[in-house]
Protein chains: 2
Amino acid sequence: MSTEAEEWGKQLRLAGYKLTRQRRAVLAVIAAGETHLSPAEVYDQARIACPDLGLTTVYRTLEILSELGLVRRVHLEKGCHSFASASGGHSHHLICNKCGEVIEFEGCDLSPLLERVAQRTGFVIEAHWLELFGTCPACQRVSENSPQRHQDTKK
Amino acid sequence: MSTEAEEWGKQLRLAGYKLTRQRRAVLAVIAAGETHLSPAEVYDQARIACPDLGLTTVYRTLEILSELGLVRRVHLEKGCHSFASASGGHSHHLICNKCGEVIEFEGCDLSPLLERVAQRTGFVIEAHWLELFGTCPACQRVSENSPQRHQDTKK
DNA sequence: ATGTAATTGAAAATACTTTTCAATTAGATT
DNA sequence: AATCTAATTGAAAAGTATTTTCAATTACAT
Ligand SMILES: [Zn+2]
Ligand SMILES: [Zn+2]
Ligand SMILES: [Zn+2]
Ligand SMILES: [Zn+2]
C-alpha cells in the first residue's frame, strides 16, 4: 500500500470512520491509480487484493473519500462516472484524452476572471470547477507512429 | 417560440435534420429556460405544448443539440444530467447554487495558466472546461430573509 | 475477552439511458 | 394538391448505473 493510501487511512480514522479491510483495498487502488477509474473498475482491481469486496462498498467508500476531498469525480463528455485522487486541497485535474491519465495541478489564478464575471452578472461567485484536457507526454510519443499503444483508452 | 428557438430550428435544418413538432417543443423549452433542465424536466415542460412527445425523443433531440453546440451538459456535484443553452461558440456557464439559474459567459482568458501547466507537465493541452458556481442576484435578495423563495431548488 | 455501533454484501428497488421496431410524418418532387 | 421516401416517432424492452434494505459480520473502544 502506497504512502498516499496510508495517509488516507489516517484521515478516514480521524473523521470517525473505521478502517476496514475493504476500505483499505479501495484506497490502495485509487491512490495507486494514475488514471481515472469508474466504480466498476475500482471494484475489479480492488478484488484482486480483497476478493470478498462488494460493489456497494466501493460506491460507499468513494462517497466518503469525496466527502473528505481525497477523491474527485472526473467529468468527461462521455459521462461522469469515474474518479481520481485529489489529495485534499484546492486543485484541478488535467486529463489525457488518449489514455485517461490524470494529473493534479494547483495554483489556478482565476481571480481577475471571477471578479469580472461577478461584476457583470451580479452573482456572488462561491466556487469554480476547471478541467483541462490534452495529450500526455507518453501518448504524444506514441502517436508519432501509431496512436495510444502505451495504454488502452477507457471503455 | 422565442427568437433563439427559431434560430436553433434553422440550424437543425441546415444540418440536415427535419424540424418536427416534437423537436420544436423541445427547442422552445430549453431556449426559454433560464435554468438547467434534466431530460425528464424538458419532457414535462415540452409536453404542455406537445402532449404526445416521448421521452426518447427528448434524449435524441438533446443529443443533436449537443452535437451542434447549441446546448451543453451542466455538471454538478450531485450529478450531470441536466442541460442548458450554449449559443454555439466558446463559452462557459455560471450556475446559481440555490435556484439553478444558468448564465453564459464568454472571454475566459486562461492562456497564462494553460501555458504554465503545459510546461510543467509536458501535456499538450487541447481543451478546457470551466464552470462557476454562486448565488444569483434574486437568490441573494431572498436569502436576506428566508432562502430561495423565488424558485425551487432542483430536486 | 467483551460489547456495540459501524460496516458489510446480496438482493431488491430505483433511476437513467439506449435500442428496437412498426407506424407516422416532414418535406422534396411531381 | 397528391405522391413518395427516408427520417422520425413513441412504446416497450433491454441495458446500465446507483441506492436502499436488512440480517450477518467486524473494528475497535473498553
Ligand atoms: Zn496519455
Ligand atoms: Zn459531469
Ligand atoms: Zn438563484
Ligand atoms: Zn474557456
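Here is the naming used below: chain letters follow the sequence lines, and residue numbers restart at 1 for every chain.
- B:R23 comes within contact range of the sugar-phosphate backbone alone, with a heavy-atom separation under 4.0 Å but no base atom that close.
- The A:P39 side chain lies nearest to D:dT18 when the options are D:dT18, C:dT17, C:dT8.
- Between the side chains of A:R72 and A:S91, at least one donor N or O sits under 3.5 Å from an acceptor N or O.
- Taking 4.0 angstrom as the limit, A:Y59 places a side-chain polar atom (N or O) nearer than this to OP1 or OP2 of D:dT18.
- Checked by atom type, the side-chain pair B:S82/B:E41 shows no donor-acceptor distance below 3.5 Å.
- The phosphate of C:dA15 has neither OP1 nor OP2 within less than 4.0 Å of any side-chain N or O from B:H81.
- Comparing D:dT18, D:dT8, C:dT17 by their closest approach to the side chain of B:L55 singles out C:dT17.
- With rounding to whole Å, B:R60 atom CZ is found 10 Å from C:dT20 atom C1'.
- Here the options are B:R21, B:Q22, B:R47, the test is side-chain hydrogen bond (donor to acceptor under 3.5 Å, both in side chains), and the partner is B:D52; only B:R21 passes.
- Note: CD (A:Q22) to C1' (C:dA6) measures 12 Å, nearest angstrom.
- The distance between atom CZ of B:R13 and atom P of D:dT8, rounded to the nearest whole Å, is 11 Å.
- Between the side chains of A:H92 and B:H128, no donor-acceptor pair of N or O atoms lies under 3.5 Å.
- In terms of position along DNA chain D, the nucleotide closest to B:G16 lies nearer the 5' end than the nucleotide closest to the other residue of the pair B:T56 and B:G16.
- Nearest nucleotide to the B:K18 side chain, out of D:dT8, C:dT7, D:dT20: D:dT8.
- If you check every strand for non-hydrogen atoms under 4.0 Å, B:T20 touches sugar and phosphate atoms only.
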